[in-house]
Amino acid sequence: MDFTLQKKDPNSSARAGLIQTDHGEIKTPIFMPVGTVGSVKAVHIPHIQEDVKAQIILGNTYHLYLRPGLDIIEKAGGIQKFNGWNKPVLTDSGGYQVYSLSGTRKLREEGVIFQSHIDGSRHEFTPERVMDIQRVIGADIMMAFDECTPYPCEYDYAAKSMAMTHRWLDRCIGQFQKTEGHYGYKQALFPIVQGSVYRDLRKQSAEYIAAKNAEGNAIGGLSVGEPHEVMYEMTELVCGILPKDKPRYLMGVGTPVNILEGIASGVDMFDCVMPTRNGRNGMLFTSEGIINIKNQKWRDDFSPIDPNGPSFVDSFYTRAYLRHLFAAGEMLGPMIASLHNLAFYLWLAGEARNKILDGSFASWKNIMVKKLAIRL
RNA sequence: GGGGAGAUACCAGAGCGGUCAAAUGGGGCAGACUGUAAAUCUGUUGGCGAAGCCUUCGGAGGUUCGAAUCCUCCUCUCCCCA
């Protein structure tokens, strides 16, 4: 993997760059659709490619390990061969499940024992094991195993957890260096900054991670319920410490506004379930603001879903029809909304990149941030 | 023509003397969702308001301290037999 910094915005910390992987290039800033179990929910892979215009998608170590299982993925020849997406893939390590499945797992220094949400069986994830699994899945970018701390989080817990995540990182790096890809292409390993909402911890963690000189670096443990201002403050602080010549990935973020703020702070990569999950639940993000398509007011609005939207569904279907699909419980509704939202997210990231390249990002961002939060 | 059952909030449907502004489900309306245990979850659904008050259980009367619940008549539905 290789990263080229192409342009730095004069009035913010935003940057435009190019990531080169063995599965193709990624123009940053970029939004990465989430495909936890090897599927971006409700959207065909060809649509992810041609309509959404995604350049990289996510998968999840924990979910793919449980189902379909490593034997199947290995036999298929890696995740891209399995699902037909032959472009870059990033896999999360299961660190988020340490947080989201905290009720059914045991956390120790050695690793985490998850109790499967599918059948209750127990599975131990150590940093070494997580590297091995991601080797089998075959992601172009593998994530270090970490603990995503919850919010709120006591200082002492955050400090201890961060230190453990750092020790886990060293074990991840050790195992990563001892092994190689199974399918003939290169994989990169991104470490993850933790430290909850505490400036000194975030600084300490960012310095620790920066010193590893990895091919890219991630910021984790945010967008777990803390106020947006806190998230922005931590992002800005950490970006100021992480290497400038390596991509920065803000994990799990976020709303369109969150993403623009992140870009302004110097983040290059984002992922979030919002465009798909909220889309399935009737929420549409557009350049004019947010639409809850289930609301009564769209009942007889026969205008396009999003007159300026980038995907074919935006002008092909009307708001009234989409509302009808949701009201009727038709699965086409969530499919249209997911496709629309993802295309919009990718459009937003691409537009941010264009504005950075022509030097007008900061002023454009200020206008967009106001528009994007409007409730239509 | 004879016999029987029933009418409850938007719909279906419990309740059968006070704890009933009335269970439950559906529908409606609104909200939540941030490295996906989510095509999920939550709230609300007679009126005005904070407590509370006011008008509701086909219609009209009656019994009772008290009626959606008991009685009388009326109206209308459904089922069975001719």
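The sequence lines fix the lettering, A, B, ..., with proteins before strands; numbering per chain opens at 1. Both backbone and side-chain heavy atoms feed into the values below; hydrogens, waters and symmetry mates do not.
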Checklist entry - Looking only at N and O atoms, is any donor in the side chain of A:S100 or the base of B:U36 less than 3.5 Å from an acceptor on the other one? => result no
Next on the checklist: Is the ring pair A:F312/A:Y317 parallel, tilted or perpendicular, if the boundaries are 30 and 60 degrees?
Outcome noted: tilted
Next on the checklist: Given B:A30, B:U36, B:U34, identify the nucleotide with an atom nearest to the side chain of A:V253.
Outcome noted: B:U34
Next on the checklist: What I want to find out is whether A:K160 reaches A:E147 closely enough, with some N-O distance under 4.0 Å, to be called a salt bridge.
Outcome noted: no
Checklist entry - Would you call A:K212 and A:D170 a salt bridge, taking side-chain N to carboxylate O under 4.0 Å as the test? => result yes
Checklist entry - Within the structure, does a side-chain N or O atom of A:N278 lie under 4.0 Å from either OP1 or OP2 of B:A32? => result no
Item to check | Ionic contact status for A:E110 with A:R129, cut-off 4.0 Å | outcome: no
Checklist entry - Touch check for A:T276, heavy atoms < 4.0 angstrom, all strands: base, sugar-phosphate only, or nothing? => result base
Next on the checklist: Between B:A22 and B:G52, how far apart are the two P atoms, rounded to whole Å?
Outcome noted: 13 Å
Checklist entry - So does A:T36 get a side-chain nitrogen or oxygen closer than 4.0 Å to the phosphate oxygens (OP1/OP2) of B:U36? => result yes
Next on the checklist: Using atom C1' in both nucleotides, what's the gap between B:C29 and B:C81 to the nearest angstrom?
Outcome noted: 49 Å
Checklist entry - What does A:G221 touch in the nucleic acid at a heavy-atom separation under 4.0 angstrom: a base, only the sugar-phosphate, or nothing? => result base
Checklist entry - When you look at A:Y96 and A:Y99, which way does the ring-ring contact (aromatic ring centres under 6.0 Å, His included) test go after all the steps? => result CA-CA 5 Å; A:Y96 186 74; A:Y99 155 75; 5.2 Å; yes
Next on the checklist: So for A:H228 and B:U34, does any side-chain atom that can act as donor or acceptor lie under 3.5 Å from a complementary atom in the base?
Outcome noted: yes
Checklist entry - How would you label the contact of A:R375 with the nucleic acid (heavy atoms, under 4.0 Å): base, sugar-phosphate, or nothing? => result sugar-phosphate
Next on the checklist: For the C1' atoms, the ones on B:A67 and on B:U77, what distance do you get once it is rounded to whole angstrom?
Outcome noted: 24 Å
Next on the checklist: With heavy-atom distances below 4.5 Å as the criterion, would you say the side chains of A:Q6 and A:R353 are in contact?
Outcome noted: yes
Checklist entry - Among B:A37, B:G35, B:G31, which nucleotide sits nearest the side chain of A:K294? => result B:G31
Checklist entry - Between A:Y198 and A:Y155, what is the ring plane arrangement, given parallel below 30°, perpendicular above 60°, and tilted in between? => result perpendicular
Checklist entry - NA contact type, A:N258, heavy-atom cut-off 4.0 Å: base, sugar-phosphate, or nothing? => result base
Next on the checklist: With a 4.0 Å cutoff (strictly under), does any side-chain N or O of A:N292 reach OP1 or OP2 of B:C29?
Outcome noted: no
Next on the checklist: Heavy atoms from C-beta onward define the side chain here; which of B:U36, B:G35, B:A30 lies closest to that of A:C148?
Outcome noted: B:G35
Next on the checklist: Distance check, C1' atoms only: B:U63 and B:A12, in whole angstrom units.
Outcome noted: 33 Å
Checklist entry - What distance, rounded to whole Å, do you find between the two P atoms, one in B:C71 and one in B:G25? => result 32 Å
Checklist outcome for this item: If pairing means Watson-Crick or G-U wobble with both distances under 3.5 Å, then the partner of B:C76 is B:G6
Next on the checklist: Measuring from the side chain of A:R323 (C-beta onward, heavy atoms only), which nucleotide among B:A38, B:C29, B:G35 has the closest atom?
Outcome noted: B:C29
Checklist entry - Out of B:C29, B:C33, B:G35, which has the shortest distance to the side chain of A:R299? => result B:C29
Checklist entry - Under 4.0 Å between a side-chain N/O of A:N295 and OP1 or OP2 of B:A30, yes or no? => result yes
Item to check | Proximity to the side chain of A:Q296 - top-ranked nucleotide from B:A39, B:A30, B:A37 | outcome: B:A30
Item to check | Side chains of A:I79 and A:T91 in contact at under 4.5 Å (non-hydrogen atoms) | outcome: no
Checklist entry - Any donor-acceptor pair under 3.5 Å joining the side chain of A:D146 to the base of B:G35? => result yes
Got a list of protein N/O to nucleotides 25-27 of chain B N/O distances below 3.5 Å?
none

Checklist entry - Base, sugar-phosphate, or nothing for A:L58, non-hydrogen atoms under 4.0 angstrom? => result sugar-phosphate
Checklist outcome for this item: Of the listed B:C29, B:U34, B:A38, the closest approach to the A:M274 side chain comes from B:U34
Item to check | Proximal nucleotide (of B:A39, B:U34, B:A37) relative to the A:Q97 side chain | outcome: B:A37
Item to check | Distance-only donor-acceptor check, side chains A:Y249 and A:D271, under 3.5 Å | outcome: yes
Next on the checklist: Measuring to OP1 and OP2 of B:U34, would you say a side-chain N or O of A:R277 lies under 4.0 angstrom away?
Outcome noted: yes
